[in-house]
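Keep in mind that what you see is a predicted model, and the values were worked out from it rather than measured.
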Amino acid sequence: MTHGVLTRMAHVAVSVVAVAALAACSADNDDAADAASQTAGDAAAATSDAPGADGAAAEADLSGLPEVVATVDGEDISQEDFVSAYEPQFQTASAQAQQAGSEVDQEELKQQTLDYMVNNLLLRQAADDEGIQISDREVDADIEELAASNGAASAKDFFTALEEQGFTEDEVRAEVENQLKIEKYLAEAADIEQPSGAEIRDLYDQLSEQQESAGEDAAAATIPAFDEVESELEQQLLQEAQSEAVDGLLSDLRTDADITSNL
């Protein structure tokens, strides 16, 4: 029930949260939060008892982690926070590696996890610098959305489930507030224009040509009419623009930030 939220609490679904948050430019924040939670839940589908290549439970290598894993403009990422973020990522990667008959490169995965955490912290700091505020009502509404999307009957049941995983209500509310700040910051800071009709048509023509060039076996005759897929193509172009905007913002923030990694 709580995989998506646990991932979000652990600060590791930054790219997902960022892209979903940018949808607030064309949709309300509740829809963006729900999309973020759902996608994060899919990414964290593997559980903590996922077997390793030898059939035994996979274990994350947490040896040698410093007390302060990184510092971003004077704000520390603690060992405890890093471990909370890394372990679910490792279990997901371990399950995928088992299916492929390979092993997880834990050093690379640790660096990726830290990058996600640094990005999340930079975005939250930027939101604070802009003076973005989140009301209790907004936090309550988002928690209700998260509770419903994770199958909880109420916010109270939702908090109870998270407490069983080691998260207090105050921690959950603080993290939800931080993510809503990031969503608002991205919605305001990212300059994204709706795709034009010509751009949507160009994408349709491009995809149609690709399918036709694949030959008869590709069933080119089943290419849907433009008006049947126009909204989907528009959303695809918008998501691409959102990803580029997020990458650009993070690049600028990283350039200006004082980041020290102790990994």
Undergrad: Taking it one step at a time, do Glu232 and Gln236 satisfy side chain to side chain donor-acceptor pair (under 3.5 Å)?
TA: CA-CA 6 Å; Glu232 295 177 18; Gln236 178 179 333; over 6 Å; no
Undergrad: What's the shortest heavy-atom distance between Val104 and Ala97, and which atoms?
TA: CG2-CB, 3.9 Å
Undergrad: Nearest 0.5 angstrom please: Ile143 CD1 to Asp136 CG, how far?
TA: 9.5 Å
Undergrad: Does Leu263 reach the side chain of Leu65, with side-chain heavy atoms less than 4.5 Å apart?
TA: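 With C-beta onward as the side chain, the pair touches.
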Undergrad: Looking at Glu138, Glu130, Gln133, which one forms a side-chain hydrogen bond (donor to acceptor under 3.5 Å, both in side chains) with Lys184?
TA: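 The passing option is Glu138.
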Undergrad: How close do Ser63 and Asp61 get, heavy atom to heavy atom, and via which atoms?
TA: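 Shortest heavy-atom separation between Ser63 and Asp61 comes out as OG-OD1, 2.6 Å.
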Undergrad: Could you go through Glu164 and Thr160, starting from their C-alpha distance and side-chain angles, then the distance that decides it, and tell me whether this counts as side-chain contact (heavy atoms from CB on, under 4.5 Å)?
TA: CA-CA 6 Å; Glu164 292 174 356; Thr160 298; 4.1 Å; yes
Undergrad: Run Met117 and Tyr86 through side-chain contact (heavy atoms from CB on, under 4.5 Å) and show every step you take.
TA: CA-CA 10 Å; Met117 297 181 75; Tyr86 179 70; over 6 Å; no
Undergrad: May I ask you to decide if Val72's main-chain N or O and Gln125's side chain share a donor-acceptor pair within less than 3.5 Å?
TA: yes
Undergrad: Counting only heavy atoms not in Glu240, do more than 12 sit closer than 6.0 Å to its CD atom?
TA: yes
Undergrad: Between Asp115 and Gln111, do the side chains contain an N or O donor and an N or O acceptor separated by less than 3.5 Å?
TA: yes
Undergrad: Could you check whether any side-chain heavy atom of Leu162 comes within less than 4.5 Å of a side-chain heavy atom of Glu171, counting everything from C-beta outward?
TA: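 When only atoms from C-beta onward are counted, Glu171 and Leu162 do not touch, as no gap falls below 4.5 Å.
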Undergrad: Got a donor-acceptor contact below 3.5 angstrom from the Glu169 side chain to the Phe159 backbone?
TA: no
Undergrad: What closest approach, in Å, do Ser154 and Ala147 show between heavy atoms, and which atom pair accounts for it?
TA: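 Taking Ser154 first and Ala147 second, the nearest heavy atoms are O-CB, 3.9 Å.
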Undergrad: State the CG-CD1 distance between Leu237 and Ile192, to the nearest 0.5 angstrom.
TA: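 It comes to 12.5 Å.
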Undergrad: Are the side chain of Asn150 and the backbone N or O of Leu146 linked by a donor-acceptor pair below 3.5 Å?
TA: yes
Undergrad: Keeping the roles fixed (side chain from Thr113, backbone from Leu109), state whether a donor-acceptor pair exists under 3.5 Å.
TA: yes
Undergrad: Which atom pair, heavy atoms only, marks the closest approach of Glu234 to Pro195?
TA: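 Taking Glu234 first and Pro195 second, the nearest heavy atoms are O-CG, 3.7 Å.
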Undergrad: How far does CG of Leu180 sit from CD1 of Ile134, to the nearest 0.5 angstrom?
TA: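 One finds 5.0 Å between CG of Leu180 and CD1 of Ile134.
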Undergrad: Given Lys181, which of Leu123, Asp128, Leu186 fulfils the side-chain contact (heavy atoms from CB on, under 4.5 Å) condition?
TA: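 Testing each of Leu123, Asp128, Leu186 against Lys181, the sole residue satisfying side-chain contact (heavy atoms from CB on, under 4.5 Å) is Asp128.
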Undergrad: Mind running side-chain contact (heavy atoms from CB on, under 4.5 Å) on Glu108 and Gln112 for me, showing each step along the way?
TA: CA-CA 6 Å; Glu108 180 180 1; Gln112 291 174 350; 3.4 Å; yes
Undergrad: Taking atom CG of Leu122 and atom CG of Asp252, what is their separation to the nearest 0.5 Å?
TA: 11.0 Å
Undergrad: Which residue pairs pass the ring pair (Phe, Tyr, Trp, His ring centres under 6.0 Å) test when at least one of the two sits in residues 222-261, sequence neighbours left out?
TA: Tyr204-Phe226
Undergrad: Nearest 0.5 angstrom please: Ser208 OG to Arg201 CZ, how far?
TA: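 Those atoms lie 8.5 Å apart.
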Undergrad: Quick check against the 3.5 Å criterion: does Asp73 have a side-chain atom that pairs as donor or acceptor with the backbone of Asp258?
TA: yes
Undergrad: Working to the nearest 0.5 Å, report the span between CD of Gln179 and CD of Glu183.
TA: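 Those atoms lie 7.0 Å apart.
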Undergrad: Side-chain contact, heavy-atom cut-off 4.5 Å: Asn178 with Glu175?
TA: yes
Undergrad: The criterion is salt bridge (Lys or Arg N to Asp or Glu O under 4.0 Å); which residues satisfy it with Glu75, sequence neighbours excluded?
TA: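 Listed in chain order: Arg124.
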Undergrad: Checking Asp76 side chain against Val68 main chain: does a donor-acceptor pair fall under 3.5 Å?
TA: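 No, the answer is negative, given that no donor and acceptor are paired below the 3.5 Å cut-off.
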Undergrad: Considering non-hydrogen atoms only, spot the tightest contact between Phe90 and Ala60 and give its length.
TA: CE2-N, 3.3 Å
